[in-house]
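If you read the sequence from its start, that first residue is 1, and numbering goes on from there. Computed from a prediction, not measured in an experiment: that's the story for all the values here. Quick note: numbers below take in every heavy atom, side chains included, and nothing from hydrogens, waters or symmetry partners.
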Amino acid sequence: RSIGEAIADGEVILLLPDIATPHECSSLSTAGLDACERRETPSAARGRNRFSVSDPTAFSSEIVLSCDEILTRALNYLDDSFPSIYET
């Protein structure tokens, strides 16, 4: 059984160290909270709000770019650290 299969089945949690800086985390958190406040519909069940990161009405192009950069770092880390993850 590969690590990719275990992840797909929700049996594994991977820690990705230093993927996002404290400043990036703060900026994304602030952007998310701001997007929730601007949303016209009430919060979803249990206070959860979901947005597409590419939604131009929710997030600026800088936030979208930041998310893309973080995702790229995460994928590069996984590719370097767990090459078998893709052999699912």
Side-chain angles (χ1 to χ4, degrees):
R1 180 170 167 96
S2 74
I3 190 166
E5 291 170 325
I7 292 169
D9 291 339
E11 298 173 354
V12 174
I13 297 173
L14 296 175
L15 174 63
L16 307 180
D18 302 319
I19 294 298
T21 68
H23 181 267
E24 288 170 326
C25 291
S26 177
S27 294
L28 295 177
S29 177
T30 299
L33 291 172
D34 290 347
C36 289
E37 288 177 6
R38 288 190 309 270
R39 183 176 254 183
E40 294 178 7
T41 58
S43 295
R46 297 182 292 200
R48 295 181 185 166
N49 286 283
R50 297 183 188 258
F51 297 88
S52 168
V53 71
S54 61
D55 180 349
T57 63
F59 302 107
S60 70
S61 59
E62 291 83 18
I63 293 298
V64 173
L65 179 60
S66 181
C67 290
D68 187 53
E69 290 171 349
I70 293 168
L71 178 60
T72 299
R73 277 181 282 198
L75 293 174
N76 286 338
Y77 177 84
L78 292 173
D79 191 39
D80 292 342
S81 301
F82 303 96
S84 66
I85 199 170
Y86 301 108
E87 298 170 3
T88 304

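The heavy-atom pair separating Tyr77 from Ile19 by the smallest distance is CB-CD1, 3.9 Å. Residues Ala58 and Ala35 approach most closely at O-CB, 3.8 Å, considering heavy atoms.
Thr72 OG1 to Asp79 CG: the interatomic distance, rounded to the nearest 0.5 Å, is 12.0 Å. Interatomic distance, CD1 of Ile63 versus CG of Asp68, reported as 12.5 Å (0.5 Å rounding). Atom CZ of Phe59 is separated from atom OG of Ser52 by 8.5 Å, given to the nearest 0.5 angstrom.
Formation of a donor-acceptor pair under 3.5 Å by the Ser27 side chain with backbone atoms of His23 is found in this model. Looking only at distances, no side-chain donor or acceptor of Ser29 sits under 3.5 Å from a matching main-chain atom of Cys25. In terms of modelled atom types and a separation under 3.5 Å, the side chain of Ser26 and the main chain of Pro22 share no donor-acceptor contact.
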Stepwise, does the side chain to side chain contact (heavy atoms under 4.5 Å, CB included) test hold for Leu16 with Leu78?
-> CA-CA 8 Å; Leu16 307 180; Leu78 292 173; 3.7 Å; yes

Between Arg73 and Ile70, does a side chain to side chain contact (heavy atoms under 4.5 Å, CB included) hold up when you go through it step by step?
-> CA-CA 5 Å; Arg73 277 181 282 198; Ile70 293 168; 3.2 Å; yes

Worked check of side chain to side chain contact (heavy atoms under 4.5 Å, CB included) between Ile3 and Leu14 = CA-CA 10 Å; Ile3 190 166; Leu14 296 175; 4.0 Å; yes

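Note on Leu65 and Leu28: separate hydrophobic clusters, where clusters join Ile, Leu, Val, Met, Phe, Trp and Tyr whose side-chain heavy atoms are under 4.5 Å apart, directly or indirectly. Hydrophobic clustering places Phe82 together with Val12 (ILVMFWY residues linked when any side-chain heavy atoms are closer than 4.5 Å, directly or through intermediates).
Heavy atoms from other residues, nucleotides or ligands lying under 6.0 Å from CG of Asp80 number more than 12.
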